[in-house]
Every structure is written in C-alpha cells, then in structure tokens.
Visitor: 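Okay, handing you the structure first.
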Number of protein chains: 2
Amino acid sequence: MIASPPLGDDVAPKRSVVVYKKNQKLRGVLSHLYQEETCTLAQLAETLYTSVPSITGVVEELVESGWVRTTGTATGNNGRRPVLFSLNPNGHYVIVLDSSTHDTCFMLVNPLRQVVFRRCVDTHLENNAQFVAFLLSFVQESIEEAAVNKDDIIGLGLAIPGLIDARRGINLTYPNLSAPNEPLTTCLEEQLGFPVYLINDSKATALGENRFGGGQGKKHALSINIDWGVGLGIILNGEVFQGASGFAGELGHIQVDPEGELCYCGKVGCLDTITSASSLVRRVQRAVQEGCMSKLAVYQNDVSQITINHVIEAAYAGDSFAIDMLHDTGYQLGKGLSVAINLFNPEIIIVDGVLAQASTFIINPIEQAITKYCLSGFRNDLTVEATQLNGAAKWLGTHAYVMENLFASI
Amino acid sequence: MIASPPLGDDVAPKRSVVVYKKNQKLRGVLSHLYQEETCTLAQLAETLYTSVPSITGVVEELVESGWVRTTGTATGNNGRRPVLFSLNPNGHYVIVLDSSTHDTCFMLVNPLRQVVFRRCVDTHLENNAQFVAFLLSFVQESIEEAAVNKDDIIGLGLAIPGLIDARRGINLTYPNLSAPNEPLTTCLEEQLGFPVYLINDSKATALGENRFGGGQGKKHALSINIDWGVGLGIILNGEVFQGASGFAGELGHIQVDPEGELCYCGKVGCLDTITSASSLVRRVQRAVQEGCMSKLAVYQNDVSQITINHVIEAAYAGDSFAIDMLHDTGYQLGKGLSVAINLFNPEIIIVDGVLAQASTFIINPIEQAITKYCLSGFRNDLTVEATQLNGAAKWLGTHAYVMENLFASI
DNA sequence: GCACTTTTGAAAAAATTTTATAAACTTTGG
DNA sequence: CCAAAGTTTATAAAATTTTTTCAAAAGTGC
C-alpha cells in the first residue's frame with residue numbers, strides 16, 4: 001500500500017529541514033562573498049561551520065546559476081594555491097535610486113558594487129503622486145538607456161529622507177507619494193516587476209559606512225549625515241537599527257539650545273535648527289551682511305551667493321570667522337549627539353554629508369562637546385571620524401540593504 | 001600506515017563541525033525549555049529546524065546528564081499525546097544577588113525559576129572592598145544555611161546599580177569594590193568557584209519584563225525603573241542592549257527642565273533630579289511643610305515620615321495634591337522618555353520600581369507627555385504599561401541573564 | 001466501530017563529515 | 001640549481017550522522 005499522495009499545491013509544502021539548511025548555506029555563501037568580495041572554499045567552510053566538500057557543492061550550484069564565478073587563484077601563501085570565488089558582476093543588477101531634496105540619481109550597480117550606469121537629474125523629491133510618476137518613467141528610461149536586460153535586474157533600493165516604515169514600505173514624512181493605505185513599494189513593484197526596498201537616507205549612509213567605510217566591523221556605530229538637515233543612522237550589533245516602525249534615530253528634534261530658534265516642528269532650539277548645513281549657511285550669511293570680519297565679506301553685497309563650500313574653504317584658508325562658525329556648529333552637534341551617546345554607547349561616530357569635508361574643523365568641537373557632556377566611561381572606547389567614502393556611503397548602503405534583504409528571502 | 005597521532009593537548013583541538021552542531025542543539029534545547037518551561041519533542045524539532053529523531057537523541061542525552069526530565073504527557077489535543085519535557089528543578093541552581101542602595105538579597109533559584117531559598121539583610125551597597133568581603137561571607141553563609149550541595153550551583157548573577165562594563169566585569173560607578181584592573185567578577189569567581197555575572201539593575205529588570213512579564217515577545221522595549229534614581233533598560237531585537245562598553249541607556253542625565261535643580265553630575269534639570277521617587281518625596285515633604293492642602297498635611301509636624309507609599313495611597317484616596325505631584329513627575333518623566341522614544345522607537349514601555357504601584361496616576365501623564373513630545377508615528381505602535389511582576393522582574397531578569405550566558409558558553 | 005490525528009520508534013535513504021590521497025606550491029638544505 | 005620536506009588545497013572514498021519514510025501506537029470525535 002502506498003501512502004496518500006500529496007494533495008497538490010493547495011497544501012502548504014512544509015519545507016523540509018534539508019531544504020532549509022541548503023538555503024541557509026546559499027544565503028551564507030552569497031552574503032559572505034558580497035561582503036568579502038573574494039573567498040576560498042576553505043574560508044567559506046570555516047565561517048559557515050561546515051565541511052569543505054559540502055561548501056564545494058553549494059558553490060558549484062551557485063556557479064551554474066550564474067551568481068558566482070571563479071577569479072583565478074590566490075597567491076603568496078604556502079601550499080597549493082586555492083581557487084578564488086567571487087560574485088559574478090554580469091547580471092543580478094540592483095538599481096539604487098537616490099532622491100533627495102535637491103536631485104535624483106539612478107545607479108545601476110552590479111554584485112561587485114560597481115556602478116555600471118549612472119544618471120542624475122535635478123528633479124527633486126516632492127510630496128505628490130506626480131513625483132512617483134516621474135520616478136517610474138525616470139527609472140524605465142534609464143533602464144533602456146543603460147541597455148541592460150530587464151530580467152537581469154533583481155531589485156531596486158530607494159533612499160529618501162523622512163520617516164520611513166520600511167516593513168510597510170511607506171514614507172510618513174511624504175505621505176502623498178502613494179495613495180493612502182497603499183505602500184509606495186508595492187506601487188513601484190507593480191509597475192517595475194521586481195522587488196523594491198525603501199530606506200531612509202541616513203540609515204543607508206550608516207549601513208554603507210559600517211559595511212565598507214570607516215566603521216567596518218564595528219558592532220555599535222552612529223553616523224551623522226549633516227546636509228540640509230541632520231540625520232542620524234544607527235548600527236547596533238552590526239545591523240542598521242530601524243526600531244519597531246522604522247523610525248529609530250530621530251535626533252533632529254532634540255532640544256540643545258533652550259533659547260534658540262523656533263523649529264518648524266513647534267519646539268524651540270531643536271538640533272535641526274542649529275546644526276544643519278543650511279542653518280549654518282544662513283547664520284554665516286546674516287553675520288556677513290551685518291559686516292563681520294571675514295574673508296567671506298567679499299560677498300557682502302550678495303550674501304545669497306555664499307555656500308557651505310565657501311565657508312569650508314575659508315576655514316581651510318585660516319579665516320577665523322569661518323572656523324568659529326564651524327566650531328559652534330560642531331559643538332552644538334556634539335552636545336546633541338551626547339544624548340545619543342549616553343543612550344547607545346557606540347564605539348565610533350562617523351560624520352558624513354557636506355560638512356564632513358570640514359574634517360577637523362567640525363570633528364574637534366564635536367569631540368570637545370562629547371568630552372563635556374558625556375560621562376568619561378562613554379568617551380574611552382569612542383572615536384569620532386569623518387567619512388572616507390567621499391559621498392559613496394549612501395548608495396553603497398542602499399545597495400547593501402537591497403542585497404542583504406534579497407539574500408535573506410532565499 | 002597510520003596517520004600521525006594527535007600531539008597531545010598542546011595542539012588546539014580544532015573543534016569539529018559535528019561537535020559544533022551538537023552543542024548548538026544542546027544550547028537550543030536548553031534555551032527553549034528555559035523560556036517555555038515545558039515542551040514536546042515535535043515543538044523542539046520545529047523551532048530548532050531539525051528532525052524529531054535528531055532532537056530525541058539530544059534530549060535523551062540531556063535527561064541522562066540531569067538537565068532535563070519528563071513531566072507526563074500533554075492533554076487536550078487530537079492524536080497521540082506527546083511526552084512533555086522540562087528542565088529538572090533539582091540541581092543546576094543559580095544564585096541571584098540583588099544589592100541595592102538600601103539592602104542586599106540572596107536568592108537560590110532553580111532552573112524552573114523557583115526561589116528555593118531566600119535571605120535578605122539591610123547591609124547596603126558601599127563603594128569599598130569591605131562590602132565585597134561582606135558579600136562573599138553573606139553568600140557562603142547563605143549557601144550553608146540553604147543546605148545545598150555547592151556542586152549543584154552553576155553560577156551567580158549580581159544585580160547592582162551603576163555603570164557596569166559587563167564584559168570586563170567591573171562597575172565604574174563603584175570602582176572601589178575590587179582592586180584597580182582586577183574585575184569584580186574574577187575576584188568573586190576565585191573565592192566561590194563558579195562563574196559570576198554582573199548586570200546593571202535596570203537592565204536586569206528590562207530583561208525580566210521582556211522574558212516573563214508584560215513585554216514578553218516584543219522585539220523592542222524600554223523599561224524604566226523608578227526608584228531612588230531612575231534607570232532605563234533597553235531591549236532591542238529581543239536582547240538586553242548593553243552598548244560597546246555596557247553603559248547604554250543612561251537617561252538620568254538628560255536635561256528636561258532648563259530651570260530645574262542642580263544635579264550632582266554638574267548639569268541642571270537632569271531627569272534624575274526630577275523624576276526619581278526620592279526627589280518626588282522630597283518635593284512633597286517641602287510642600288506639606290509649607291502648608292499645602294492635602295491629606296498628607298497630617299504629617300506637617302514631621303514631614304520626614306512621609307514615604308512614597310503615603311503619596312501613592314493618598315492619590316488612590318483621591319487627594320488632588322498627591323495626584324498632581326504624581327502627575328508632574330510622570331509628565332517630566334514622559335518628557336525625558338520622549339528623547340529615548342525618538343531614538344529607539346520601541347513597541348512598549350514598561351514602568352517598574354516603587355512608582356509602578358501608582359499605575360494610572362503615573363502612566364497617564366507619561367502618555368500625555370509622549371503625545372506632546374513625540375511625532376505621531378512613534379505613538380501609534382507604542383503602549384505604556386505598569387509592571388505586573390510585582391517586583392520580581394529584577395531577579396527574574398538576573399536569573400535569565402546568567403542562564404542565557406551559561407547556555408551560550410556551551 | 002471507523003475515520004482521522006498525532007506521536008513514537010525502527011529501518012531505509014540521503015546528506016554530510018571525516019579520512020585519505022593526489023596535486024600544487026614554498027621553503028630549505030646540500 | 002635541484003631534490004626533499006613541509007604546507008595547503010582539491011577530490012574521491014569511507015564513515016558517520018541526519019533525515020525521511022513507514023508502520024505501529026495512542027488518542028479524539030462522529
């Protein structure tokens with residue numbers, strides 16, 4: 001007698017344990033290759049706690065499916081030289097879309113994190129459905145222009161500012177991007193035909209720094225993204241921390257100056273009103289207009305020409321007014337950061353965004369403020385650094401976010 | 001020909017993969033049984049992603065070693081009734097030591113989290129080596145009095161306030177407990193002969209709530225412990241969050257009232273100065289002395305008799321002065337908590353400590369402040385609750401911390 | 001009593017690890 | 001400079017472990 005046959009596809013397949021373990025290994029190999037770029041079978045076996053023959057089978061399968069390829073043999077060590085494996089740069093492309101309040105960039109990135117196509121336009125993030133329509137046509141045009149097979153695109157990551165509920169795929173700061181109760185992600189997925197992931201720009205930056213930048217390998221890190229606003233990205237236990245709804249890390253509306261400006265959020269002296277690059281420029285412009293002593297006084301007739309880069313350049317040229325202004329901003333920022341440090345006790349803080357170029361002019365006052373406002377125990381294991389990724393942290397982080405989510409869904 | 005024999009114990013044994021996987025299963029079974037109390041083989045197999053025969057072998061081994069025992073069969077469900085397994089309450093005891101600034105408690109706890117022996121003394125935490133000497137003799141006396149075989153004790157967890165570097169085993173707030181550069185834990189371990197773990201009292205409370213209290217199963221939770229000070233415990237991804245050095249969660253010195261009292265830390269208007277139970281009592285006493293309208297005025301001749309319980313009782317009796325005082329405290333606390341909520345975006349906040357007994361009198365103003373000081377997105381998925389563990393959260397959390405660390409070291 | 005569930009344990013099947021050996025390369029010693 | 005010794009990787013075969021399958025046992029409900 002034969003056991004009752006499976007009742008077709010309507011019964012949950014109850015994935016067998018062996019399939020589960022196989023997928024776990026596939027995931028592990030892909031993740032490790034993505035992070036380490038190139039690897040030997042022995043290394044993979046060790047990190048995944050399995051035997052070499054077992055890993056060999058998994059990798060062979062991945063080579064056949066086009067995910068992995070060999071890249072010659074290692075050199076230098078004793079003994080027989082191992083074959084090196086890496087992800088295959090041909091195919092499995094991910095689109096990184098970076099929409100900020102001043103422009104929108106499309107990047108086609110291969111599994112080796114190389115940008116194979118890039119296209120930027122001035123169209124900036126707006127809180128309406130037309131913007132999403134623009135985004136869609138922009139993506140579709142760009143795909144055509146890049147002359148890439150659409151089937152080779154495995155996902156899209158959209159990095160935008162705002163409060164983002166990553167799981168539900170909606171942006172609460174820009175709620176009109178999609179219809180109410182319809183996630184922005186499903187809206188895009190339906191049109192594009194591949195999975196779409198939403199990530200907050202500062203969180204993407206933090207992830208990029210943690211995976212490929214200065215914070216590499218650190219368990220607990222903070223990254224502050226000083227641009228038109230100031231955004232905090234949090235890495236805890238080596239993962240970007242989202243919180244229950246994806247909103248974790250709202251530092252911008254912490255009060256640092258009880259006698260400061262009124263913020264659009266209704267409170268007074270929020271960090272955002274003081275330490276963003278835009279508010280720094282505004283204060284510089286006002287001071288120049290009022291006739292302060294500075295090299296920047298050449299713009300006194302038209303202070304609106306002064307940009308953040310002018311301020312940074314002036315500081316590097318020794319202009320004490322510019323240095324003082326940067327110092328003030330850094331100090332207030334450090335004061336606000338102290339709150340986050342007291343709560344998160346990170347190992348490293350990485351400064352990103354336009355102000356990162358001011359390096360020591362902004363890092364030193366941050367460190368001074370931390371020294372003053374944090375207990376000494378917190379400072380001992382803490383370093384503050386400017387990014388060394390030259391603005392690549394955000395798209396690198398977005399790519400990592402998409403890839404890691406795709407791997408996790410195997 | 002025979003392969004060269006192992007070179008004795010001086011060569012690293014290079015734990016084989018199969019041993020690693022076996023230990024992983026042992027760990028998994030013990031952790032799951034500890035958390036769920038009682039389990040069937042099928043449940044264990046499912047949660048650990050293995051087959052039933054495989055788990056059967058692991059459990060049999062644990063039964064033989066005395067860790068696990070059967071507790072009859074399940075009832076109610078369809079089909080053949082499965083044998084139930086649980087941890088064996090005899091043996092594998094853990095000592096929970098709870099040293100606060102007013103007393104010290106010794107508890108002997110079995111793997112089913114039952115207190116088999118308990119002893120408390122008034123001796124309170126002091127920052128000197130004599131206190132450690134007292135602790136040692138107190139523990140040793142208590143073990144004798146409990147009439148338990150010392151070999152059946154597998155570890156000790158010490159819950160104390162202060163900045164605790166859990167990995168290094170030192171308390172930075174009370175640095176004189178052990179000699180400089182000598183961890184307090186190794187000092188105790190040498191004398192006692194079993195592993196000792198140090199944990200901050202508020203972190204222990206948070207862990208207890210997350211494992212066995214209201215926050216059960218929540219991924220991201222905060223617990224505030226309002227006692228003589230105010231302590232924050234953080235649960236992230238279901239684990240107690242320590243930060244890089246173990247100091248994460250220092251909320252007490254966040255400024256909530258720029259015109260408030262001077263704190264011992266040097267800043268003004270720290271949360272600690274406003275919302276701790278002791279400062280509440282102090283303010284009540286002052287107001288009563290100055291002749292406020294309240295049932296508590298009966299103590300006007302000797303305000304030092306007023307305790308926190310009197311204030312809470314008065315509130316329950318409808319005394320509007322007491323209600324207002326609790327309201328103020330809760331509101332300020334909620335204001336301070338808002339900072340943590342903006343950064344951690346938790347699902348639940350649990351109020352512990354003596355003030356938890358004031359339930360709605362303290363919960364409502366906390367919620368009001370959160371509504372005012374947090375963006376709406378943060379509030380929607382957030383609940384605020386008083387503990388339902390009646391003060392057991394701290395020792396339960398300490399026990400869980402020890403057990404989970406011991407399991408992890410298998 | 002019969003149909004249906006679920007657990008349990010033994011045997012068969014499959015997968016994985018370990019062991020052994022060959023291959024590829026570096027270093028050392030004559 | 002070449003051969004021998006020592007390393008390390010790759011792969012095939014053996015040993016072991018683990019999973020799957022199957023049938024029996026122990027229940028519920030109609």
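Here is the naming used below: chain letters follow the sequence lines, and residue numbers restart at 1 for every chain.
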Visitor: From OH of A:Tyr20 over to P of D:dT19, roughly how many Å is that when rounded to an integer?
Guide: 12 Å
Visitor: Identify which nucleotide among D:dA10, C:dT16, C:dT8 has an atom closest to any side-chain atom of B:Pro82, counting heavy atoms from C-beta outward.
Guide: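 Nearest to the side-chain atoms of B:Pro82, counting from C-beta on, is C:dT8.
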Visitor: Looking only at side-chain atoms of B:Val17, point me to the closest of C:dT18, D:dT19, D:dT7.
Guide: C:dT18
Visitor: Hey, which sits more toward the 5' end of DNA chain C by its nearest nucleotide, A:Pro53 or B:Pro53?
Guide: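 Upstream on the strand: B:Pro53.
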Visitor: How about A:Glu347 and A:Thr383: does a side-chain donor come under 3.5 Å of a side-chain acceptor?
Guide: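 The answer is no; no qualifying pair exists.
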Visitor: Is the distance from OP1 or OP2 of C:dA23 to the nearest side-chain N or O of A:Arg81 less than 4.0 Å?
Guide: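 Checking A:Arg81 against C:dA23: no side-chain N or O falls below 4.0 Å of OP1 or OP2.
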Visitor: Can you check the A:Tyr49 OH to C:dT18 C1' distance for me, whole Å?
Guide: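 Whole-Å distance recorded here is 19 Å.
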Visitor: Heavy-atom nearest nucleotide on DNA chain C for A:Thr50 versus B:Leu41: which residue maps closer to 5'?
Guide: B:Leu41
Visitor: Could you check how far CZ of A:Arg80 sits from P of D:dT11, rounded to whole Å?
Guide: 7 Å
Visitor: If you look at every strand shown and take non-hydrogen atoms under 4.0 Å, does B:Lys22 touch a base, only sugar-phosphate, or nothing?
Guide: nothing
Visitor: Please state how far atom CD in B:Gln24 lies from atom P in D:dT18, giving the value in whole angstrom units.
Guide: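 It works out to 12 Å between those atoms.
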Visitor: Whether A:Lys394 and A:Glu209 form a salt bridge (side-chain N of Lys/Arg under 4.0 Å from carboxylate O of Asp/Glu) is what I want to check.
Guide: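 No salt bridge links A:Glu209 with A:Lys394.
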Visitor: Is it the case that B:Ser31 and B:Glu404 place a side-chain donor and acceptor less than 3.5 Å from each other?
Guide: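 There is no such pair between these side chains.
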Visitor: Whether B:Arg113 engages the ring of B:Tyr34 as a cation-pi pair (distance to the six-membered ring centre under 6.0 angstrom, angle to the ring normal within 45°) should be assessed.
Guide: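 Judged by the rule, B:Arg113 and B:Tyr34 form a cation-pi pair.
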Visitor: Expressed as a whole number of angstroms, how long is the span from A:Lys21:NZ to D:dT20:P?
Guide: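 From A:Lys21 NZ to D:dT20 P: 9 Å.
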Visitor: Within the structure, does a side-chain N or O atom of A:Ser51 lie under 4.0 Å from either OP1 or OP2 of C:dT18?
Guide: no
Visitor: Indicate whether any N or O donor in one side chain lies under 3.5 Å from an N or O acceptor in the other, for B:Ser245 and B:Asp165.
Guide: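 No, B:Asp165 and B:Ser245 have no side-chain donor paired with an acceptor closer than 3.5 Å.
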Visitor: Would you indicate what B:Val52 reaches in the nucleic acid, counting non-hydrogen atoms under 4.0 angstrom: base, sugar-phosphate, or nothing?
Guide: nothing
Visitor: Nearest to the side chain of B:Asn78, which nucleotide is it out of C:dA10, C:dT18, D:dT28?
Guide: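 Shortest atom-to-atom distance from the side chain points to D:dT28.
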Visitor: Round to a whole Å and report the spacing from CD of B:Glu46 to C1' of D:dT19.
Guide: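 Value for this atom pair: 16 Å.
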Visitor: For A:Leu48 and C:dT16, what is the distance between atoms CG and C1' respectively, to the nearest whole Å?
Guide: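 So the CG-C1' distance, A:Leu48 to C:dT16, works out to 15 Å.
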